[in-house]
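Below, chains carry the letters A, B, ... as their sequence lines are ordered, and counting in each starts from 1. Only this structure's heavy atoms are used, side chains among them; waters, hydrogens and symmetry mates stay out.
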Number of protein chains: 2
Amino acid sequence: MPKPTASESSEQSGAFRAFIAQKGLRATRQRMAVFEAARTVSGHYTAEDLLKKARSLDRSVSRATIYRAIPLLIGSSVIREVDVGRDQKYYLAEAGGANFRAQLICESCETIVEVDAPFMEWYGKAVAAKHGMRPISQKLQVTAACLNDRCPRRGAARP
Amino acid sequence: MPKPTASESSEQSGAFRAFIAQKGLRATRQRMAVFEAARTVSGHYTAEDLLKKARSLDRSVSRATIYRAIPLLIGSSVIREVDVGRDQKYYLAEAGGANFRAQLICESCETIVEVDAPFMEWYGKAVAAKHGMRPISQKLQVTAACLNDRCPRRGAARP
DNA sequence: CTGCCTGCAAACTCTTTGCACGAAT
DNA sequence: ATTCGTGCAAAGAGTTTGCAGGCAG
């Protein structure tokens, strides 16, 4: 059934098509371009980055479509949202079922490192249970001074 | 906990005055009203809440002054900023030197519970060190479905 | 054919900032 | 007197949304 292109994405693409079909939505050209861009861009990217990449695949993709597609991409686990409290949110292609990740964030430059933190699952359950609540998600972030050569304040912060 | 009166705050007020004086700033009427409001309002509050309270103490306080005072209040440890990824940030009167707190956040209503999480200090150090970085701060948040009577989606959300 | 989707641009929300007057030291 | 501080209002930035066609199913 899936389009028999040589593209390595045909499989995931089919899964995404199924996801939107099941929701009564349509596999438009623009939507699929955003999907393809979302899983192709590497590392953490912004909505604007995603727009650039999607446009390189389909010139007609607009900013509005990007923002309207993002919730679908998250809902279908194609990407994950990473909010580190900056002005813009970041997104990340979701590799496997890799949940429970912490972020190590440089306070001065763009660097964000994903770190496995499986104990978050236990912690979330424990804390929520103690207050009679049902855990839904957890977030753990460490802000630090990085040593990246390109970091404007390499190794700075607190003497 | 007895509600602190204006006179009871004179001590902390003095500390705050010292802080701004040491920075070469001035103890203006508006600034002190915001300070007094910041340490009086209970629970988590927004900049807008702070404005309301400060205005009840001094009619002339403007929104701009609130936003300009907040960094001073944080810098002098009078309040702490709590960013849970919503559109507005929250602030909280800083009781003691209580650092390393996690937040338990209801995904549907306003409820935010502060939870001690001292292990964050160790975790931040360990993770940062592993990447040759120097830890600066850490944040841990658990989103959950709450059982508050006033919660619009009481106990909702699937496991 | 239906009605979901799209691009465009205006709208929105919280926060920041330029300006000229006001006030703390 | 000096500067810093203030209110006002406009500017900003990222994201959302109303509208009039366009296209998937």
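Across A:Ala38 and A:Tyr45, no two heavy atoms sit closer than the pair O-OH, 2.6 Å. Taking each heavy atom of A:Ala27 and A:Arg17 in turn, the nearest pair found is CB-NE, 4.1 Å.
The distance from atom CZ of A:Arg86 to atom C1' of D:dT15 is 18 Å, rounded to the nearest whole Å. If you measure from atom CD1 of A:Ile70 to atom C1' of D:dG14, you get 11 Å, rounded to the nearest angstrom. Distance, A:Gln22 CD to C:dC4 P: 17 Å, rounded to whole Å. Taking atom CD1 of A:Ile20 as the reference point, atom C1' of C:dC4 lies 12 Å away to the nearest angstrom. Separating the CD1 atom of A:Ile66 from the C1' atom of D:dG14 is a distance of 14 Å, rounded to the nearest angstrom. At whole-Å resolution of the value, CE in A:Met32 and C1' in C:dC5 are 15 Å apart. Counting to the nearest Å, the P atom of D:dT15 and the CD1 atom of A:Ile74 are 11 Å from each other. Put simply, CZ on B:Arg59 is 18 Å from P on D:dT6, counting in whole angstrom units.
Along DNA chain C, the nucleotide nearest to A:Arg55 and the one nearest to A:Gly24 differ in position, and the one closer to the 5' end is contacted by A:Gly24.
A side-chain hydrogen bond (donor to acceptor under 3.5 Å, both in side chains) with B:Asp58 is found for one member of B:Arg31, B:Gln30, B:Arg29 and no other, namely B:Arg29. A side-chain contact (heavy atoms from CB on, under 4.5 Å) with B:Val113 is found for one member of B:Leu104, B:Ile105, B:Val142 and no other, namely B:Leu104.
The side chain of A:Arg31 places an N or O atom within less than 4.0 Å of a non-bridging phosphate oxygen (OP1 or OP2) of C:dT6.
Checked by atom type, the side-chain pair A:Glu114/A:Gln103 shows a donor-acceptor distance below 3.5 Å.
With B:Arg55 contributing its side chain and B:Val61 its backbone, the two residues share a donor-acceptor pair below 3.5 Å. At least one donor-acceptor pair under 3.5 Å links the side chain of B:Gln141 to the backbone N or O of B:Asp83.
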Protein-nucleotides 13-17 of chain C N/O pairs closer than 3.5 Å?
unit_1 : atom_1 : unit_2  : atom_2 : d
C:dC14 : OP1    : B:Gln88 : OE1    : 3.1
C:dT15 : OP1    : B:Lys89 : N      : 3.4
C:dT15 : OP2    : B:Tyr67 : OH     : 2.5
C:dT15 : O5'    : B:Tyr67 : OH     : 3.4

Strictly under 3.5 Å: I want the nitrogen or oxygen pairs between protein and nucleotides 23-25 of chain D, one per line.
unit_1 : atom_1 : unit_2  : atom_2 : d
D:dA24 : N3     : A:Arg26 : NH1    : 3.3

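Checked against salt bridge (Lys or Arg N to Asp or Glu O under 4.0 Å), A:Arg86 has no partners two or more places apart in sequence or in another chain.
For A:Arg63 and A:Glu48, the salt-bridge test passes: some basic side-chain N is under 4.0 Å from an acidic carboxylate O.
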